[in-house]
Peer 1: 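The structure's right below; bear with me while I get my questions together.
Proteins get letters first, then strands, A, B, ... in listed order; numbering begins at 1 in each. These figures come from a predicted structure and were not determined experimentally.
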Number of protein chains: 2
Amino acid sequence: MNIGDVAEKSGLPPKTIRYYEEIGLVKPLRSANGYRTFLDSDVHKLAFLGRARALGFTIEDCRNLMALYDDDQRASSEVKEIAEQHLERIDNKIAELAQMRATLSHLVNACAGDHRPDCPILADLAATCPDGDLIDTTA
Amino acid sequence: MNIGDVAEKSGLPPKTIRYYEEIGLVKPLRSANGYRTFLDSDVHKLAFLGRARALGFTIEDCRNLMALYDDDQRASSEVKEIAEQHLERIDNKIAELAQMRATLSHLVNACAGDHRPDCPILADLAATCPDGDLIDTTA
DNA sequence: GTTGACCTTCCAGTAAGGGGAGGCCCTAGG
DNA sequence: CCTAGGGCCTCCCCTTACTGGAAGGTCAAC
């Protein structure tokens, strides 16, 4: 199978598949003309990677998950730990975004959004200094 | 004022300040020895940038917000639009993360996390193919 | 035989800086 | 007067996970 077919079957772009080969996630064979030749198992791996990436796992997570997948002596606790750490990263990120959202949404609601220059959003960005300085927001 | 003082006052690392100069967000003067010389207005700008970045605005957003801040003919609607677009990006990102979180959390709960190899997380990553193929998850 | 689709490699770029090398400048202490 | 130290400078590579493009080889069809 050539890379185009694999791309279609796995749902990953050819560029991504080449990249995954470069970083050692898949190891396709080569035919005489230099083209990459993929097995069904490669397609399977790539689909696995695509799904793991879609869940937000890093490439390194994916590498570890694949290794565990290939290891029938694995303990599910190892897999679970990777997933739990990722879940925590996601929760942290969501919390961070929610905090931004709250502040930003508050500012947006306070802004008239008309033709006048007065703007609480800019005022907030300009005025809130770490050392408590009050800066002239009319500038 | 040298870059070290400005870093302390603005809360941004010197590296970041140099980077902001490189991309044209601040334009410090230079003294005879080649050192950057900052004015209070530069510190003000940098603090502004730091807060905008903390709210997740991109550098390009920051550039535009600063331009609006410097323009006393601005309409607050322009500021509000930038903020609203950013708010939408945040909401999209949160939704995406929440979706990941839901799936992942479901899988984590389903995983025993013990010494045995059986793992619903790996099974899910391996089995759900775009074209509906069922792949042997006992491998 | 030639067109066009496919494949190859390599280079460069993304966002927003971080790390570190190699080297100048300036001040304080002995 | 010399040196140690800390601060500053530029320059280059590194990060994540790809994506785009250029230059060129291959293959099947018309």
Peer 1: Looking across every strand, which nucleic acid part, if any, lies under 4.0 Å from R18(A) by heavy atom: base, sugar-phosphate, or nothing?
Peer 2: base
Peer 1: What are the bounds, 5' to 3', of the part of DNA chain D that sits under 4.0 Å from heavy atoms of chain B?
Peer 2: dG7(D) to dC11(D)
Peer 1: Answer with base, sugar-phosphate or nothing: what part of the nucleic acid does I3(B) contact at a heavy-atom distance below 4.0 Å?
Peer 2: sugar-phosphate
Peer 1: Given E21(B), which of R36(B), K27(B), K15(B), K45(B) fulfils the salt bridge (Lys or Arg N to Asp or Glu O under 4.0 Å) condition?
Peer 2: R36(B)
Peer 1: Just to be sure I understand the geometry, which residues of residues 79-92 of chain B put a non-hydrogen atom under 4.0 Å away from DNA chain D?
Peer 2: none
Peer 1: Just jot down the side-chain contact (heavy atoms from CB on, under 4.5 Å) partners of E84(B), sequence neighbours excluded, or say none.
Peer 2: V108(A), K80(B)
Peer 1: Over how many whole Å does the gap from N33(A) atom CG to dA5(C) atom C1' extend?
Peer 2: 14 Å
Peer 1: Which atoms form the tightest heavy-atom contact between I59(B) and I23(B), and what is the distance?
Peer 2: CG2-CD1, 3.5 Å
Peer 1: R30(A) has an atom CZ; how far is it from atom C1' of dC7(C), in whole Å?
Peer 2: 10 Å
Peer 1: Base, backbone or nothing for each nucleotide of nucleotides 13-24 of chain C, written B, S, -, heavy atoms under 4.0 angstrom, 5' to 3'?
Peer 2: ---BSSBB----
Peer 1: The criterion is side-chain contact (heavy atoms from CB on, under 4.5 Å); which residues satisfy it with P120(A), sequence neighbours excluded?
Peer 2: A110(A), C111(A)
Peer 1: Provide the closest heavy-atom pair for I17(A) versus V26(A) in the form atom of the first, atom of the second, distance.
Peer 2: O-CG2, 4.2 Å
Peer 1: Taking only residues at least two apart or on different chains, which pairs with a member in residues 2-34 of chain A satisfy ring pair (Phe, Tyr, Trp, His ring centres under 6.0 Å)?
Peer 2: none
Peer 1: Would you please name every residue forming a side chain to side chain donor-acceptor pair (under 3.5 Å) with T16(B), sequence neighbours left out?
Peer 2: none
Peer 1: What residues, two or more places apart in sequence or in another chain, satisfy side-chain contact (heavy atoms from CB on, under 4.5 Å) together with E96(A)?
Peer 2: K93(A), M100(A)
Peer 1: Taking side-chain contact (heavy atoms from CB on, under 4.5 Å) as the definition, give me every residue that meets it alongside A98(A), ordered by chain and number, with sequence neighbours left out.
Peer 2: none
Peer 1: Mind jotting down which residue pairs meet the ring pair (Phe, Tyr, Trp, His ring centres under 6.0 Å) criterion with at least one end in residues 83-106 of chain B? Sequence neighbours excluded, please.
Peer 2: F57(B)-H86(B)
Peer 1: Apply side chain to side chain donor-acceptor pair (under 3.5 Å) to D5(A) and list each qualifying residue two or more places apart in sequence or on a separate chain.
Peer 2: none
Peer 1: Tell me whether E81(A) at atom CD has more than 12 heavy atoms from other residues, nucleotides or ligands lying less than 6.0 Å away.
Peer 2: no
Peer 1: Please give me the minimum heavy-atom distance between M1(B) and V6(B), naming the atom from each residue.
Peer 2: SD-CG2, 4.0 Å
Peer 1: Using rotation axes that map the C1' atoms of four end pairs onto the next four (five pairs an end), what angle separates the end axes of the helix from dG1(C)-dC30(D) to dG30(C)-dC1(D), to 10°?
Peer 2: 30°
